[in-house]
Amino acid sequence: MSEMTKPRPKYLALHEIRLPLAGYASILHRVSGAGLFLMLPLLIWLLQLSLGSGHENAALFSTVTGNILVKLILLGLLWAFLHHFCMGIRILLIDIHVGVEKQQAHTSAVAVMVVSLALTLIFGLKLLGVY
Amino acid sequence: MKRLVVGAHYGLMDWLAQRITAIIMAAYTVIMFAATLGGVTGSREVWHAFMANGFIRFITFLFIISLCYHAWVGVRDIWMDYVKPATIRVTLHVLTLLALVGYAGWAVQIIWRLP
Amino acid sequence: MHETRLTMQRTMQKHAGVFRFKDMLAAGVERIGEIEQQVARTQIKDKSKVFNTARIEALELDNLIEVAKATIVSANARTESRGAHVRDDAIDTPETPDGRNDKKWLKHTLWYREGSRLDYKPVQMKPMSVDTIELKKRAY
Amino acid sequence: MTNATRTVQFKIYRYDPDRDAKPYMQDISVELESTDRKLLDAMVKLKAQDDSISFRRSCREGVCGSDAMNINGKNGLACLAAMEGFPEGKPIVLRPLPGLPVIRDLIVDMTQFFKQYNSIKPYLINNDPPPERERLQSPEDREELNGLYECILCACCSTACPSFWWNPDKFVGPAGLLAAYRFIADTRDQATSERLDDLEDPYRLFRCHTIMNCVDVCPKGLNPTKAIGRSRK
């Protein structure tokens, strides 16, 4: 280019762009995946404590999981996992050409949201020791 | 001159790998959630015995490997989308890879050490 | 400018539409002449040098008014029907089928901007590579 | 004519590199008649009022794809957006297509978009000597191209795609991939395997994460996701 042009602005104000529900579900798929990745050390550590022999392990495990903050993190991770799981199934189905139409994609996105939240509730209560 | 690096041919392979590992993990998830509802986390002893079972140990191993590969593709995709400077991106790729290999080793030896 | 363009469009629609009438054409020539004066006086507010669509439209209007004038002046002069130029006052007779007068009007119209002058040029009836198609009444 | 007039509020993204340091939103209202049925009609009125408001437009009937823009947060064609479809009493918010450099107001620089389109070689490749007449297809083979050839390249889909936002220089984008599949699926095209090979890069075809925003916004009701899925097989 011969002429110097001013750098052009780009309109990309994400909060102003309206996405379909499937779009948000998709973003959450990435967010939940990233969250799970970041929290992997915690999860592996907890696995180690839960499976380790001896009193110290058992004691530490109950102290750590007894902490309300940890409980909340675990609850969040549980949801993240379940959302990622449900959304993953949806993606796999789309990959084999099931539910690729606009309306179906919307319905399945709603289903993912509802089912993952419902499952979080079911297993969350278990996690919190309600039953 | 900015050079665009495209033309690599691992797109399909990674994509497939991500799907296959996803299927393995999904199956494992169903088994584990069913087991949880069945009460294997009821007490420490039951939990230990359950996890020490040969079959469970094997699928757990499979799960860990799948998880790490799956996470590798996923996290790499994230870096590819949001991190533009090539040097930082490659560094992040390497760190991710190291972390995941480390996690896999750690998790596998937890399973292995079970009596 | 937007208004002037609309007026021009509507005038052409009304005075030189699908079916054309002697009086309407004559009045249209007058009207387009007036609009031409208006076009010469139009202004645009947008002075930007970047993607100035207002300026593009102004330039378009400049060209359009010329085409409009050429069209309506030529149509007014051509007192026959031919193709898409269908005049109400051109009568269907054996010599002038469907109002088409080949004796007088088998020629191209040339319009000149200066003085809105008209000239005519003969039609080439001998194509270079294919046989001549004889003139006949249009039939479907 | 009974033309009830009404006033409609607009919020329009304005940016003129000659005058403005950075983009801003302008509030403006316009008197509309009942014959102003589509958003584009209203915008033409707006432009009559203030000729500095700039946007592309051409055929005004959903064929040319010029007037694609972000309408109330969602990409679409102004000429196909019915005025009665907008909620009453709320301003209509118009912004340029997301993720592409803004030249002025609602006009974006489509270079990147067309570069990607160009990269998939959007033309028939067939090295056989041309036959006397056309290269024929059976009606069934021709059927395959339905839902693919109709794309008008308005860029609504690609600019609604997060994968395209982050990698417009590398990811082909839904429009390009739809076009790619249009030729992959064409029985007269002989470059199918080269085409597939070319797409194999993780940035080119596999950046699509079936988010399906593209399907949501396509003004022609096409489905790039489906085409992408088929290309992967």
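All values below were derived from every heavy atom in this structure, side-chain atoms included, with hydrogens, water molecules and symmetry-related copies excluded.
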> Mind checking the CG-OG1 spacing from A/Leu119 to B/Thr29? Nearest 0.5 Å is all I need.
11.0 Å
> With a 4.5 angstrom heavy-atom cut-off, is it the side chain or the backbone of B/Thr36 that approaches chain A, or both, or neither?
both
> Below 4.5 Å from any heavy atom of chain A, which atoms of B/Leu100 appear? Answer side chain, backbone, both or neither.
side chain
> What residues of residues 72-81 of chain A sit under 4.5 Å from chain B when only non-hydrogen atoms are counted?
A/Leu78, A/Phe81
> If I measure from the heavy atoms of chain A, does B/Trp72 come under 4.5 Å with its side chain, its backbone, both, or neither?
neither
> Select one option (side chain, backbone, both, neither) describing which atoms of A/Leu43 are under 4.5 Å from chain B's heavy atoms.
neither
> Which bit of A/Ile96 comes within less than 4.5 Å of chain B, counting heavy atoms only: side chain, backbone, both or neither?
neither
> Could you look at A/Ile44 and say if it's the side chain, the backbone, both or neither that has a heavy atom under 4.5 Å from chain B?
both
> Would the number of heavy atoms belonging to other residues, nucleotides or ligands and lying under 6.0 Å from OH of A/Tyr24 be above 12?
yes
> For atom NE2 of A/His106, is the number of surrounding heavy atoms from other residues, nucleotides or ligands below 6.0 Å larger than 12?
no
> Yes or no on side chain to side chain contact (heavy atoms under 4.5 Å, CB included) for B/Ile78 and A/Phe37, after CA distance, side-chain angles and deciding distance?
CA-CA 12 Å; B/Ile78 296 181; A/Phe37 169 70; over 6 Å; no
> Please name the pair of heavy atoms, one in B/Trp106 and one in A/Pro41, separated by the smallest distance, quoted to 0.1 Å.
CH2-O, 3.6 Å
> Test A/Leu51 against B/Arg113 for side chain to side chain contact (heavy atoms under 4.5 Å, CB included), laying out the working first.
CA-CA 9 Å; A/Leu51 288 177; B/Arg113 286 240 194 99; over 6 Å; no
> Start with the C-alpha distance between B/Met25 and A/His84, add both sets of side-chain angles, then the distance that settles side chain to side chain contact (heavy atoms under 4.5 Å, CB included), and finish with yes or no.
CA-CA 11 Å; B/Met25 288 190 292; A/His84 207 85; over 6 Å; no
> Between B/Arg44, B/Arg19, B/Met51, B/Gln18, who has the most heavy-atom pairs with chain A when the cutoff is under 4.5 Å?
B/Arg44
> Please report the C-alpha distance between A/Phe85 and B/Val30 in whole Å, then the side-chain angles of each, then the deciding distance to 0.1 Å, and finally whether the side chain to side chain contact (heavy atoms under 4.5 Å, CB included) criterion is met.
CA-CA 10 Å; A/Phe85 171 74; B/Val30 173; 4.1 Å; yes
> Between B/Phe33 and A/Phe123, what is the ring plane arrangement, given parallel below 30°, perpendicular above 60°, and tilted in between?
tilted
